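The structure appears below as structure tokens.
A, B, ... follow the sequence lines: proteins, then strands. Residue 1 opens every chain. Here the structure is a predicted model, which is why all the values come from computation and not from measurement. Because only heavy atoms are used, hydrogens play no part in the values below, and waters and symmetry mates are left out as well, while side chains stay in.
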Number of protein chains: 6
Amino acid sequence: MSKLTVTFGEIMLRLGPPGFERFLQSPQLVATFGGAEANVAVTLASFGLPAAFVTVLPDKNPLAEAAIGELRRFGVDTSRIVRGKGRLGVYFVEAGANQFEAVQAARAAELTVSCDLNYRKNLWKWGKSAAEVMRELVKSVDIVIANEEDIQMALDIQTDVSVHAGNLDRAAYRSLTGTVLAKFPNLKAIAVTLRESKSASHNTWSACLNDRSEFLVSRTYDITHIVDRVGSGDSFAAGLIWGLQSLPNRRDALEFAVAASCLKHSIPGDFCRLTRDEVNTLLEGDGSGRVQR
Amino acid sequence: MSKLTVTFGEIMLRLGPPGFERFLQSPQLVATFGGAEANVAVTLASFGLPAAFVTVLPDKNPLAEAAIGELRRFGVDTSRIVRGKGRLGVYFVEAGANQFEAVQAARAAELTVSCDLNYRKNLWKWGKSAAEVMRELVKSVDIVIANEEDIQMALDIQTDVSVHAGNLDRAAYRSLTGTVLAKFPNLKAIAVTLRESKSASHNTWSACLNDRSEFLVSRTYDITHIVDRVGSGDSFAAGLIWGLQSLPNRRDALEFAVAASCLKHSIPGDFCRLTRDEVNTLLEGDGSGRVQR
Amino acid sequence: MSKLTVTFGEIMLRLGPPGFERFLQSPQLVATFGGAEANVAVTLASFGLPAAFVTVLPDKNPLAEAAIGELRRFGVDTSRIVRGKGRLGVYFVEAGANQFEAVQAARAAELTVSCDLNYRKNLWKWGKSAAEVMRELVKSVDIVIANEEDIQMALDIQTDVSVHAGNLDRAAYRSLTGTVLAKFPNLKAIAVTLRESKSASHNTWSACLNDRSEFLVSRTYDITHIVDRVGSGDSFAAGLIWGLQSLPNRRDALEFAVAASCLKHSIPGDFCRLTRDEVNTLLEGDGSGRVQR
Amino acid sequence: MSKLTVTFGEIMLRLGPPGFERFLQSPQLVATFGGAEANVAVTLASFGLPAAFVTVLPDKNPLAEAAIGELRRFGVDTSRIVRGKGRLGVYFVEAGANQFEAVQAARAAELTVSCDLNYRKNLWKWGKSAAEVMRELVKSVDIVIANEEDIQMALDIQTDVSVHAGNLDRAAYRSLTGTVLAKFPNLKAIAVTLRESKSASHNTWSACLNDRSEFLVSRTYDITHIVDRVGSGDSFAAGLIWGLQSLPNRRDALEFAVAASCLKHSIPGDFCRLTRDEVNTLLEGDGSGRVQR
Amino acid sequence: MSKLTVTFGEIMLRLGPPGFERFLQSPQLVATFGGAEANVAVTLASFGLPAAFVTVLPDKNPLAEAAIGELRRFGVDTSRIVRGKGRLGVYFVEAGANQFEAVQAARAAELTVSCDLNYRKNLWKWGKSAAEVMRELVKSVDIVIANEEDIQMALDIQTDVSVHAGNLDRAAYRSLTGTVLAKFPNLKAIAVTLRESKSASHNTWSACLNDRSEFLVSRTYDITHIVDRVGSGDSFAAGLIWGLQSLPNRRDALEFAVAASCLKHSIPGDFCRLTRDEVNTLLEGDGSGRVQR
Amino acid sequence: MSKLTVTFGEIMLRLGPPGFERFLQSPQLVATFGGAEANVAVTLASFGLPAAFVTVLPDKNPLAEAAIGELRRFGVDTSRIVRGKGRLGVYFVEAGANQFEAVQAARAAELTVSCDLNYRKNLWKWGKSAAEVMRELVKSVDIVIANEEDIQMALDIQTDVSVHAGNLDRAAYRSLTGTVLAKFPNLKAIAVTLRESKSASHNTWSACLNDRSEFLVSRTYDITHIVDRVGSGDSFAAGLIWGLQSLPNRRDALEFAVAASCLKHSIPGDFCRLTRDEVNTLLEGDGSGRVQR
């Protein structure tokens with residue numbers, strides 16, 4: 001049996017308007033739970049790995065009860081959650097559409113790789129700056145999962161990645177990940193997710209992994225009808241954690257993680273409501289296009 | 001033309017589950033705006049009185065924009081609202097049903113008058129205690145609108161109001177309001193709303209007014225299918241403010257205020273979405289029961 | 001096999017806000033079809049009587065198609081509907097709550113019988129006044145179905161019906177219906193529906209029938225949680241038409257019509273979505289209270 | 001720590017139309033999970049008692065996954081659920097309104113006590129008749145929870161309970177429960193829930209318990225705005241199981257069970273989404289009517 | 001007047017989650033009716049052809065009544081439906097998104113023609129295998145409507161259709177349909193629908209028809225925002241049946257059928273809610289792109 | 001401070017089915033307000049320009065009150081609206097999908113520029129023909145905003161604009177706008193919006209402006225996931241009005257207007273719920289694709 005994976009972090013109530021409406025265009029908000037570490041725990045549990053989530057939540061509070069219930073629904077062990085003072089965090093996300101296309105149309109050939117790990121950074125409050133915390137953190141871990149902007153902002157490593165229309169600069173990423181590994185000798189590997197935002201609802205998605213012995217680049221997915229991209233980075237992390245434990249080699253783990261997080265884009269809410277079988281169906285696609293979801 | 005009435009206070013986002021559900025039973029929250037002073041401003045504007053609302057709201061924030069837009073919809077002057085730091089307040093309200101009946105069934109004949117002004121007291125944060133703030137406040141106003149519990153808690157006046165099944169103790173309220181007027185010589189009058197909670201969806205509703213020269217008790221309404229009682233006290237306050245300015249005498253003002261706040265119970269959300277005509281239709285009821293709403 | 005009953009009239013789109021909201025409180029309207037004669041045709045068809053509905057509807061219009069489709073859904077024969085110029089009628093209905101109680105609370109013991117046939121009168125446009133049209137109409141029919149106000153307004157017969165708290169004045173109704181039968185010698189019978197509006201959601205409901213040889217009064221139903229009363233008069237009419245054709249005597253027909261229209265109050269929309277079996281279950285109630293709707 | 005309570009049974013998908021609509025009046029069904037034993041397990045877990053639910057559910061089926069997730073959400077141990085062949089059961093429930101009032105209006109003074117345990121009996125398929133199964137079952141248990149009809153139908157004991165308008169016949173129930181205890185010497189106690197159906201949305205609710213040494217009757221709750229009564233019997237059972245384990249005496253356990261199941265009537269869906277605190281708030285009601293839900 | 005077309009088959013309740021949600025992510029299911037033969041009958045009736053649907057449905061069952069009402073809404077003759085024992089079939093369909101793109105992105109240039117007739121095959125239970133039943137069936141019909149997989153699986157004819165990126169192999173389909181016509185000398189013609197699944201929401205759609213004298217290939221539609229593809233094969237069948245009866249030649253019939261089923265992809269639910277005029281507007285497109293749906 | 005812009009026109013209730021449904025597929029209509037001049041006023045006010053809207057609306061009508069409230073919500077001055085007889089206009093709009101692709105697929109390379117100003121022309125009733133009214137109108141204005149079809153239909157100027165696949169004929173538009181300026185010597189400038197309808201949900205969008213001294217063509221936006229295009233022409237007009245008043249030159253004004261109306265396509269309802277900041281974010285796009293909405 002697999003050993004328990006424990007994630008520490010925050011679970012928050014995420015509120016957004018229905019469909020493509022702007023806030024309060026209708027007197028209604030869609031309410032789901034999210035937060036990077038909670039997303040990871042849910043995804044791990046969905047893949048069958050024992051997962052516990054640790055946080056502090058207010059006592060005798062129906063929203064906190066609902067958050068715990070939602071984690072339990074996916075099989076996450078919530079028995080270590082501490083009940084105390086404070087309040088449940090709330091964040092607001094509005095879906096956008098089309099306009100990214102507009103940007104892109106005006107600039108063609110100048111696409112940039114972007115990721116969303118930084119999005120939530122503003123919400124965390126650790127006393128120190130995020131950069132200080134994270135540099136310390138990286139010194140004591142084995143594997144870093146990041147994106148190009150995280151590396152630049154959090155690790156203070158200047159990158160010189162240029163992306164030519166539709167073609168990721170493979171050499172640049174090999175070099176960038178190599179720099180990180182050199183700066184942090186403790187690291188065994190670094191994985192970087194690679195997103196090209198063609199528009200709000202059309203992205204490409206892939207990842208690379210450098211474990212000092214080899215530099216792997218996953219296949220690239222072209223995702224044209226994004227339903228909800230929040231939580232995809234977390235799904236990648238969970239997929240990689242699971243894959244490195246359970247699959248025969250790092251390439252398989254990398255491909256599993258990219259496929260899982262690719263599928264996440266089709267599911268509303270932060271959580272990756274998928275089984276391993278569904279991810280494998282995508283990985284093993286028979287070319288007929290008749291994949292179930 | 002009537003002079004402008006300015007109210008200062010907080011406008012907040014009110015979130016609750018749909019229908020009689022418990023929080024997050026469905027992944028959806030019903031979102032409306034409320035807050036005592038905002039409610040008063042909206043009701044005054046709906047009755048045709050120039051009304052401005054003053055508050056501080058965060059800058060470049062779509063929820064704050066929505067709050068301002070919602071006030072403007074009712075004709076409230078929002079040009080004095082200050083945009084600055086901070087965040088929009090959020091509060092959560094869940095509808096209950098039935099169980100109050102249960103309480104009442106077990107106790108019969110022991111009903112108590114209750115009001116909801118105290119409900120929000122816990123949400124305001126003024127630096128000092130609510131009681132300190134309010135006692136100071138009362139020293140500089142002309143007319144106080146309160147309920148029995150407010151008087152006891154905020155003004156530190158012990159009340160000895162006993163209510164016999166279905167019969168308000170008229171003498172006790174005359175005495176109680178007299179005590180307040182004696183303690184605060186500045187006051188010209190005090191109005192007290194009187195609610196008997198027979199159940200969550202069945203209340204009686206009336207009010208009294210003591211202006212030193214006379215003690216008036218309004219007619220009593222029996223409200224058996226309450227849709228939303230939040231904001232009814234505020235509707236009463238706004239109705240009284242309007243009536244004292246616009247109607248020939250205090251009895252008419254009191255009856256108008258009670259009728260307006262009675263009708264508020266049939267409208268979801270904090271705001272009293274009613275015209276003066278609709279309130280008058282209730283006041284002048286032709287006995288046919290064919291009132292429009 | 002029963003012969004075909006043909007009704008002529010208007011079918012309209014009925015729009016109202018969801019639940020107890022006021023118009024456009026949410027950006028949504030609940031859309032159903034209705035209109036007195038259409039309601040009658042639907043109810044007759046639901047009870048198993050061949051029924052055709054005749055009207056004029058605009059050509060190549062998706063709302064008109066939807067109206068026809070909705071009639072067909074209940075088995076109404078729509079093959080005689082003429083497609084031509086013009087537009088589908090639209091009417092707006094907002095649900096009210098509670099406040100009627102307020103009226104009633106202030107007047108107790110002074111309840112009045114009211115009906116809703118007059119409600120739609122304002123919507124019909126016949127060139128002549130409704131009264132002229134209806135007086136002519138009554139001269140050529142066998143059975144009139146009306147309410148006390150209709151008789152007064154449309155037939156110009158002064159009534160002196162006094163209703164004592166909770167007790168319909170049986171003698172007055174016998175006299176009133178007798179007057180109508182005397183004025184219109186062609187009439188074989190007249191049926192009058194009797195509604196006491198205790199509140200918007202609490203009415204009593206019964207009917208009487210005078211066929212010159214006897215004066216029948218139905219049992220009285222106490223309806224305390226009205227969902228939608230629009231269309232109940234039409235359900236009564238349809239129930240009576242069906243009953244007079246299919247049941248052994250007039251008392252049974254009257255009781256069937258009252259029971260059918262009583263049940264209509266529990267169904268949203270104008271149409272009486274009920275089977276004969278369901279009406280009979282109410283009529284034959286076994287006293288257990290365990291009726292299936 | 002309390003010992004684990006294991007319930008065996010079926011969890012099913014319950015489908016019904018929204019609000020008071022008839023089936024398919026809107027193209028939408030409200031979907032929740034239910035089933036007597038699942039309800040008991042959920043309620044026990046909500047009250048803090050370790051509870052496991054055992055059943056057989058189809059493998060690789062998203063609805064079965066959702067059912068398990070829903071049980072886990074409430075903290076029910078689902079690790080003993082067997083995954084195999086077959087399909088998830090589905091049942092359809094339509095809300096009714098008003099018409100029960102009609103029945104009752106026509107009969108006044110002849111109310112009957114009814115319960116709903118028998119409702120689901122038709123859905124279970126055990127090979128033998130329900131009566132055979134249950135009589136065998138009762139021989140091996142300590143405490144029976146039943147209603148008057150169950151006793152008659154399932155245990156084949158003729159009852160002669162007469163109920164006078166509004167007054168349960170205390171002596172008759174003492175006698176009836178005594179007969180059961182005499183016939184099944186193994187029983188330590190029997191509890192009977194007592195429902196008077198005044199209308200679909202207005203019931204009274206209480207219970208009695210006979211443990212051979214004494215005959216206890218609980219207080220009676222008058223529930224006037226029922227939201228959903230399905231699952232109330234199960235909430236009573238769970239409340240009694242919890243109370244007998246955790247409270248100082250049988251009277252407290254009985255009152256806790258009745259209060260819990262009374263509150264269940266205000267919650268949509270089968271499950272009793274309540275905490276012990278909320279039940280205690282009702283039990284300890286301060287007479288103010290200001291209970292939180 | 002056209003002669004009556006009678007279809008025999010099953011009508012079932014189709015349940016799915018709202019939007020792109022996974023099952024039970026919200027406590028709600030979208031409920032529509034469907035089933036291949038019912039779809040055909042509805043489409044024929046919508047095109048103005050007299051159509052009757054024959055099936056067996058349970059008696060006194062509100063869902064069965066709703067199914068019949070829904071057929072009648074479209075003008076389908078339901079008078080031949082037999083009411084008896086049994087239950088209404090239920091099937092569950094979940095919408096997917098995006099991920100198909102992923103598959104396709106990884107394989108480019110290797111698209112495959114797929115159809116969905118086989119989808120429902122698993123639901124039908126005929127005693128014999130589907131293949132046995134269908135081979136017998138084909139021996140007695142004039143025109144077969146199928147897809148490439150149906151031909152292979154049901155008729156046991158090996159196909160060697162290779163599809164090059166974006167270019168259907170015209171010769172291969174001529175040969176394949178020729179083989180079928182040779183094997184079943186009774187056949188006058190065979191029509192094959194051709195779907196290329198570029199992604200879950202992006203397909204191409206066309207068809208070919210071989211009537212021994214000529215081999216026709218329709219124009220190809222590129223459908224990029226699929227709303228619901230279930231029922232499109234049935235719409236094709238109905239369009240062809242109508243066209244062969246009503247249009248001057250087989251080419252027109254084929255193009256009408258393809259256009260009708262192309263438009264079906266934009267309509268939620270199984271049924272093809274379209275008029276002939278709307279199909280013709282697409283066929284006669286004026287090049288302006290200003291088609292009304 | 002900017003001077004007040006007053007627009008005269010009609011505000012109407014716009015009704016449509018939810019999502020991609022056909023009318024009355026669900027018993028629900030989505031209700032928003034719209035009308036060309038109201039849209040302009042709302043957009044101007046949203047951009048911070050003082051804007052008043054003048055119209056005639058029925059008195060004591062809750063829908064008219066809602067319309068006024070909705071205008072006020074965006075800060076439009078409604079104090080000049082006249083209340084009188086008549087009724088609020090209602091229009092119906094159904095969303096389409098996919099099928100435009102079909103048209104386009106069959107014609108490739110033959111795309112045509114289309115606009116929607118003409119759409120509403122049929123709804124206005126001015127006594128004279130629209131052409132007569134508009135030619136008179138144009139003689140007294142400074143700047144005309146139109147599209148190619150408007151120019152042809154309303155100004156009776158024959159155009160010979162040919163559009164080659166994806167390339168607007170720049171010279172033709174320079175000539176066309178020159179002809180208008182020659183015919184109406186009073187005009188200072190004319191702006192023309194240019195839409196290519198690739199499909200119902202995929203358009204390109206740009207505009208040109210001729211002010212006699214120079215002919216400007218804006219950048220072209222490729223909008224691939226249109227949410228709602230109604231009101232985009234009005235957003236362009238408002239953006240241009242604002243830009244000509246507030247920005248340093250005509251090019252900036254033109255680009256602002258095109259960007260604002262491009263973003264409008266992502267917002268449901270007629271109104272352009274955008275701030276100037278959001279438009280500027282698109283205009284100044286940093287190439288990262290990380291625009292907020």
Rounded to the nearest 0.5 Å, how far does CG of C/Leu29 lie from CD of F/Gln28?
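Reported to 0.5 Å precision, the distance equals 9.5 Å.
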Going from CZ on F/Phe92 to CG on C/Asn61, what distance comes out if it is rounded to the nearest 0.5 angstrom?
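If I round to the nearest 0.5 Å, the distance is 8.0 Å.
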I need the minimum non-hydrogen distance between F/Ala66 and C/Phe23, along with the two atoms involved.
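Minimum heavy-atom separation between F/Ala66 and C/Phe23: CB-O, 4.2 Å.
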Between chain C and each of F/Leu63, F/Leu15, F/Leu13, count heavy-atom pairs under 4.5 Å; write down the option with the most.
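Heavy-atom pair counts peak at F/Leu63.
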